[in-house]
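See structure below.
Because the structure is a prediction, the values reported are computed rather than measured. For reference, positions follow the sequence shown, starting with 1. Because only heavy atoms are used, hydrogens play no part in the values below, and waters and symmetry mates are left out as well, while side chains stay in.
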Amino acid sequence: MSRQSAIQILLIAAVLVIAWRLLIGSGQRTQALRRLGLLFLLGLVIYSIIDPSKTWTNLANALGIGRGADLILYGLVVAFLGFVVTTYKRFRAMETRYTRLARRIALDEARPVSAHGGSTGTPDTLTGDVPPTPSVKAADAD
């Protein structure tokens, strides 16, 4: 076995492990196209490992790009931008959920106000000595 064949086998094994790890998921419908694209890219990467001299250059020439390295760079830029956009959207949705949750908790734990503007409740709440809520007790127990 030549040194180049050993490197090719190692690279193919690494790509397969990475692809397997990325394909394991929750099985959501929104990830279907992403998974199909990953499988296509996996095949292209394995083929380019086996025949590195012509794969990207031929594909680049077919697309009207001068060199295969330029095509790879363009693909990486597009993939990076896609990653940035999806990460931004995911974090934005998470921030919205946390804001709604914080508002809900604040409303649930707020003391009721009577119609004449004062707080209602027992004398303990009127003096400001509010007993801890269950969520505070659980946090103090840790």
Side-chain angles (χ1 to χ4, degrees), residues 3-142:
R3 182 176 179 176
Q4 185 177 4
S5 297
I7 292 173
Q8 288 176 336
I9 291 171
L10 182 64
L11 287 172
I12 290 172
V15 168
L16 290 174
V17 167
I18 291 169
W20 173 76
R21 181 69 183 129
L22 290 174
L23 285 173
I24 294 176
S26 60
Q28 297 174 351
R29 293 179 196 166
T30 58
Q31 294 179 354
L33 288 176
R34 191 177 308 160
R35 289 180 180 188
L36 289 174
L38 179 64
L39 288 174
F40 174 75
L41 182 64
L42 173 68
L44 188 61
V45 167
I46 290 173
Y47 180 73
S48 68
I49 290 170
I50 293 170
D51 187 16
S53 63
K54 298 179 183 177
T55 304
W56 292 105
T57 303
N58 289 340
L59 185 59
N61 290 334
L63 295 173
I65 300 172
R67 301 180 310 163
D70 294 337
L71 177 63
I72 292 172
L73 176 65
Y74 301 153
L76 288 175
V77 167
V78 169
F80 176 72
L81 291 176
F83 172 76
V84 168
V85 168
T86 55
T87 301
Y88 171 77
K89 290 170 103 178
R90 188 178 309 133
F91 278 118
R92 187 71 184 136
M94 191 173 17
E95 287 175 357
T96 301
R97 284 193 306 256
Y98 286 150
T99 301
R100 288 181 182 160
L101 177 63
R103 288 178 183 163
R104 181 78 261 159
I105 290 171
L107 289 173
D108 288 347
E109 293 182 355
R111 284 186 264 157
V113 177
S114 67
H116 59 278
S119 295
T120 62
T122 64
D124 287 341
T125 60
L126 292 176
T127 61
D129 297 330
V130 179
T133 60
S135 62
V136 173
K137 287 180 185 176
D140 290 338
D142 294 335

What verdict does the side chain to side chain contact (heavy atoms under 4.5 Å, CB included) test give for Leu59 and Ile65, after you've listed the backbone C-alpha separation in whole Å, the side-chain angles of each residue and the deciding distance to 0.1 Å?
CA-CA 8 Å; Leu59 185 59; Ile65 300 172; over 6 Å; no

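- Within the model, atoms CG of Asp108 and CG of Leu101 stand 9.5 Å from one another, a figure rounded to the nearest 0.5 Å.
- With sequence neighbours left out, the side-chain contact (heavy atoms from CB on, under 4.5 Å) criterion links Ile72 to Trp56, Leu76.
- For residues 78-94, the pairs satisfying salt bridge (charged side-chain N to carboxylate O under 4.0 Å, His left out) are Arg92-Glu95, with sequence neighbours left out.
- Interatomic distance, Arg100 CZ to Ile105 CD1, rounded to the nearest 0.5 Å: 14.5 Å.
- In this structure, the side chains of Val45 and Ile12 stay at 4.5 Å or more apart for every pair of heavy atoms.
- A distance of 12.5 Å separates CG in Leu36 from CG in Leu41, rounded to the nearest 0.5 Å.
- Here the straight-line distance linking atom OG1 of Thr55 with atom CD1 of Ile46 works out to 12.0 Å at 0.5 Å rounding.
- Interatomic distance, CG of Leu63 versus CG of Asn58, reported as 11.0 Å (0.5 Å rounding).
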